A.B. asks: 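Quick one: the structure is below, questions incoming.
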Amino acid sequence: MSLLYTFILVVLAILAVLGIVVGVSNDAVNFLNSAIGSKVASFRNILLVASVGILVGVITSSGMMEVARSGVFHPEMFSFHEIMFLFLGMMLGNVILLDVFNSLGLPTSTTVSMVFGLLGSAMALAIFKISDSDTLTMANMGQFINSGKALAIVSGILLSVVIAFIVGGIYMYLSRVLFSFRYQKLFGKIGWLWCGVSLAGILYFAMFKGLKTSGLIPEEFVDWVNGNVALALLAMWAVSSIVLLFLQLCKVDILKVTILAGTFSLALAFAGNDLVNFIGAPYAAFDAFGIAKEAGSIDITMEELKTPVSANFLIMLGAGLVMILTLFFSNKTKKVIQTEQSLAGQDENSAGNFESNFISRAIVRGAVGINNFYERVTPRRVQIAIEKRFIPLPVEERGGLVYDRIRATVNLTCASLLIAVGTALKLPLSTTYVVFMVSMASSLADRAWGRESAVYRVTGVMTVITGWFITALAGFLISMVVTMLLAWGGWIAAVALSLLGIFLVIKGNFFPKKENKEAAKEDSKKSIDITDKSHNANEALIGYIENVCVDMESVTRIYGRTIVAVFKENRKVLRDMVKESNDLFFAAREQKYALLGMMKKLEQQDIVTAPFYVQVVDYMSETTKALIHITRPAFDHIDNNHTGFTKEQIVDLKEVNDAVEEIFSSINTMLRSRDFSDMSSILEKRDLLFDKIDDIMKSQLRRMRTEHMSTSASILYFNILNETKTMVLQSRNIMKSLEHFVED
């Protein structure tokens, strides 16, 4: 056998490990979010529970690999040489695609990326074979591709998204009407029955989704349960309720037990079934290598791959250990978790960094209209009774929870039941899609999507859902292109693309970019969170001064770099400054949204100083907004290749920049020292700067009358000068408010 195929096997093994790292980073959101959001245990203990679930899943799974071996394509139509390139192209495209989604913090489906990656790679080789044949045409594509499988996956996506959202919303609404947010009293009486429903669904999911192929459960019993799902669930509900009643009488928190059991079962099913998404193709390539080696030919067709094969126990165990290590050490896992929690959180300002668009605004307006109709037709007495059940707990009583344990239990129960029923009905459901949509539906039904944040949450959900469908298309296209290059370039392309793919994934996951390190360093400088329950309102008010210091220093740096970059027409720096100014603006906006929660915590003695704090937050927001109005037009000007500034304009802006730096330097010094005695000098410098800007603008107007000047450059020039005045004015206002605040 050629060394090329040994090399491909080694590369596939490396990609399998990287695929597990990248894939688990994304799919961890499935079995961790409910437990983390409701804080039923420490993050470390939640990971330990999930780790046990993963180990049980990989140990008890038979690891059937039919989907990777023959579920999407017909292996008898490909030779060993071609099948090795098919698997290599699919794995390279798959790992790179998932890494991109992780970097963006978007949850996606490893199942869909694998299936459509295989489809793209198989189609690429089929096209290559057809183009090289005198007897085959594109009409023969069906001989190579199992198109029915791909269509089943797509229909499963659409079905699971809709059903999960509807069922999750209804179950959460009924659960909240039953228990309200102050659920402890009623839960003490009937909680064991309600949790019994949840635990029955979770156990059913674990046993007949996670362990159905383990050999621990007799096949006859599995067949009977699948034929009598309702009866089986009823029996499990009765047993679960009795056990939970006993635990409740023993003063055990049964909500905590239920949530951790759900986390365990989802982790078990993920490891036992979705592991094929990461190691299925490499393992099939290993089998193909053995078949070709035994036959002594690389041209032998691969019909033997249609034979079901169970994965090696040690390989499955090793893959499980890689999964567990990824859970504990991957930063991207936390990023994906944050995306879902930001969209599902109970706070009004918990909507992530998503911007609204016309579709989300139209959806929210439609929802408001439906709600208005509901209020008109529903008796007022009924509305009042329901409203009382949905009165949320005050911020100080939530204990920093993203959502309470009732919602966490609903999330796990709905997800487990839907996936279990879908499996019994042989529907190709994605765990990622089901868990995410249930979580979004429960947050909507729980009235977390208030008027203040609904439009941003809708945009966020639409972004994630769009990403799912892009996964299918991108996975298909990337794998097709990579496999085409492999088929055309032979061993040279195989070596080059393999090394490039491994390098990109390792660099993206294990060597963070320089700007990410700097961002982390900046984050470490920031002061206490103004909504942190561990600090009183007075500490939060004083602590915010540190935030202002950091932000003002950032404003100074971004403004100066932007002006210089415009002079040099440096598009890259301007793009970076736009991003940084956007981040600064969104951070300031979040502080404004967090005001209400902080104000509710004010003591009587804080009321006098609170108005100054409100002013500072508002002035900081206006300062960052003025900065955006400088960086964005500057980047657009250079990005559109417009004419640069004249020498006179550059000289004028340099003088303005020097004056702004001097003012901001004095402001930053005062902020750091808390000494505002030199405030009058800033006023003098500000007045001198404004006089200078007025003179510069008059000079520019005179030049425009006598000289031919670029219209776009002149507009940008005036815009920078006007926004600079606004920015300096707001900065001065910040200082004045802080001076009064600190004095009081």
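When reading the values below, keep in mind they use all heavy atoms of this one structure, side chains included, and skip hydrogens, waters and symmetry mates. Here the structure is a predicted model, which means the values were calculated and not measured. Residue numbers run from 1 in the order of the sequence given.
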A.B. asks: Would you sort out whether I8 and F85 count as a side chain to side chain contact (heavy atoms under 4.5 Å, CB included), showing the intermediate values?
C.D. replies: CA-CA 8 Å; I8 291 177; F85 277 14; 3.5 Å; yes

A.B. asks: As an exercise, state the distance from CE of M77 to CD1 of I145, rounded to the nearest 0.5 Å.
C.D. replies: 10.0 Å

A.B. asks: Can a donor-acceptor pair be found, under 3.5 Å and without considering hydrogens, that links the side chain of S265 to the backbone of G262?
C.D. replies: yes

A.B. asks: Excluding sequence neighbours, so at least two apart, what forms side-chain hydrogen bond (donor to acceptor under 3.5 Å, both in side chains) with T413?
C.D. replies: S198

A.B. asks: Kindly compute the distance separating CG (N411) from OG (S38), expressed to the nearest 0.5 Å.
C.D. replies: 9.0 Å

A.B. asks: Between A441 and G168, which heavy-atom pair has the shortest distance, and what is it?
C.D. replies: CB-C, 3.9 Å

A.B. asks: Determine whether more than 12 heavy atoms belonging to other residues, nucleotides or ligands lie under 6.0 Å from atom CZ of F144.
C.D. replies: yes

A.B. asks: Looking at every non-hydrogen atom in both residues, tell me the closest pair between A415 and V438 and how far apart they are.
C.D. replies: N-CG2, 4.3 Å

A.B. asks: Which distance, rounded to the nearest 0.5 Å, do you find between the CG of L9 and the CG of L4?
C.D. replies: 10.0 Å

A.B. asks: Taking distance alone, no hydrogens or angles, what donor-acceptor pairs closer than 3.5 Å link side-chain atoms of residues 41-48 to residues at least two apart or in another chain?
C.D. replies:
from : atom 1 : to  : atom 2 : distance (Å)
S42  : OG     : N45 : N      : 3.2
S42  : OG     : N45 : ND2    : 3.1

A.B. asks: From S121 OG over to M484 CE, what is the distance, rounded to the nearest 0.5 angstrom?
C.D. replies: 10.5 Å

A.B. asks: Under 4.5 Å between any side-chain heavy atoms of L32 and L327, yes or no?
C.D. replies: yes

A.B. asks: Mind checking what makes side chain to side chain contact (heavy atoms under 4.5 Å, CB included) contact with V481, not counting sequence neighbours?
C.D. replies: L485

A.B. asks: Does F165 have any ring-ring contact (aromatic ring centres under 6.0 Å, His included) partners at least two apart in sequence or in another chain, and if so, which?
C.D. replies: none

A.B. asks: Could you tell me which residues satisfy side chain to side chain contact (heavy atoms under 4.5 Å, CB included) with R571, sequence neighbours excluded, listed by chain and number?
C.D. replies: R575, F635, I638, D639

A.B. asks: Taking C-beta and beyond as the side chain, do L500 and L92 meet within less than 4.5 Å on heavy atoms?
C.D. replies: no

A.B. asks: Is it the case that over 12 heavy atoms from other parts of the model lie below 6.0 angstrom from the CH2 atom of W491?
C.D. replies: no

A.B. asks: Is there side-chain contact between L118 and L86, with heavy atoms separated by less than 4.5 Å?
C.D. replies: yes

A.B. asks: Among all residues two or more places apart in sequence or in another chain, which pass the side chain to side chain contact (heavy atoms under 4.5 Å, CB included) test with L317?
C.D. replies: L55, I59, F313

A.B. asks: How many angstroms lie between atom CD1 of I300 and atom CD of E294, to the nearest 0.5 angstrom?
C.D. replies: 8.5 Å

A.B. asks: Kindly give the heavy-atom pair with the smallest separation between I54 and G320, and that separation in Å.
C.D. replies: CG2-O, 3.8 Å

A.B. asks: Among residues at least two apart in sequence or on other chains, which ones pass salt bridge (Lys or Arg N to Asp or Glu O under 4.0 Å) with E76?
C.D. replies: K306

A.B. asks: Got a sec, which residues hit side chain to side chain contact (heavy atoms under 4.5 Å, CB included) with N582, two or more places apart in sequence or on another chain?
C.D. replies: V578, F586, I628, R632

A.B. asks: Are F116 and L473 packed together at the side-chain level, in the sense that at least one heavy-atom pair is separated by less than 4.5 angstrom?
C.D. replies: no

A.B. asks: Could you pull out all residues at least two apart from T258 that satisfy side-chain hydrogen bond (donor to acceptor under 3.5 Å, both in side chains)?
C.D. replies: none

A.B. asks: Take N94 and L15 through the side chain to side chain contact (heavy atoms under 4.5 Å, CB included) test and state the conclusion after the steps.
C.D. replies: CA-CA 9 Å; N94 195 27; L15 290 176; over 6 Å; no

A.B. asks: Without swapping roles, check the side chain of S442 against the backbone of S439 for a donor-acceptor pair under 3.5 Å.
C.D. replies: yes

A.B. asks: Less than 4.5 Å apart, side chain to side chain, heavy atoms only: is that true for D287 and M302?
C.D. replies: no

A.B. asks: Determine the interplanar angle of the F78 and F73 rings, folded into 0 to 90°, and report it as parallel if under 30°, tilted if 30 to 60°, perpendicular if over 60°.
C.D. replies: perpendicular

A.B. asks: Please lay out, stage by stage, how V56 and F264 fare under the test side chain to side chain contact (heavy atoms under 4.5 Å, CB included).
C.D. replies: CA-CA 9 Å; V56 175; F264 171 86; 4.2 Å; yes

A.B. asks: Determine the minimum heavy-atom distance between P282 and A16, stating which atoms define it.
C.D. replies: CG-CB, 3.7 Å

A.B. asks: If you compare all heavy atoms of A267 against all heavy atoms of A50, which two are closest, and at what distance to 0.1 Å?
C.D. replies: CB-O, 3.4 Å

A.B. asks: Would you check if I291 and F80 make a side-chain contact, meaning some heavy-atom pair closer than 4.5 Å?
C.D. replies: no

A.B. asks: Can you find a heavy atom in the side chain of F289 that is under 4.5 Å from one in the side chain of L12?
C.D. replies: no

A.B. asks: So, using side-chain hydrogen bond (donor to acceptor under 3.5 Å, both in side chains) as the criterion, who are the partners of T301 when residues are at least two apart?
C.D. replies: E303

A.B. asks: Could you go through residues 123-132 and list every donor-acceptor pair under 3.5 Å that involves a side-chain atom there, pairing it with any protein atom two or more places apart or in another chain?
C.D. replies:
from : atom 1 : to   : atom 2 : distance (Å)
K129 : NZ     : E82  : OE1    : 3.3
K129 : NZ     : E82  : OE2    : 3.2
S131 : OG     : I127 : O      : 3.1
S131 : OG     : F128 : O      : 2.9

A.B. asks: Quick one: CE on M91 to OG1 on T483, what's the gap to the nearest 0.5 Å?
C.D. replies: 12.5 Å

A.B. asks: Are any of the side-chain heavy atoms of M480 and I478 separated by less than 4.5 Å?
C.D. replies: no

A.B. asks: Over all heavy atoms of both residues, which pair between A284 and F87 is shortest? Give the atoms and the distance, please.
C.D. replies: CB-CZ, 3.6 Å

A.B. asks: Any side-chain hydrogen bond (donor to acceptor under 3.5 Å, both in side chains) involving residues 136-145? Give me the pairs, sequence neighbours left out, ordered by first then second residue.
C.D. replies: T137-N140

A.B. asks: Carefully, step by step, assess N33 and V435 under the rule side chain to side chain contact (heavy atoms under 4.5 Å, CB included).
C.D. replies: CA-CA 9 Å; N33 244 349; V435 173; 6.0 Å; no

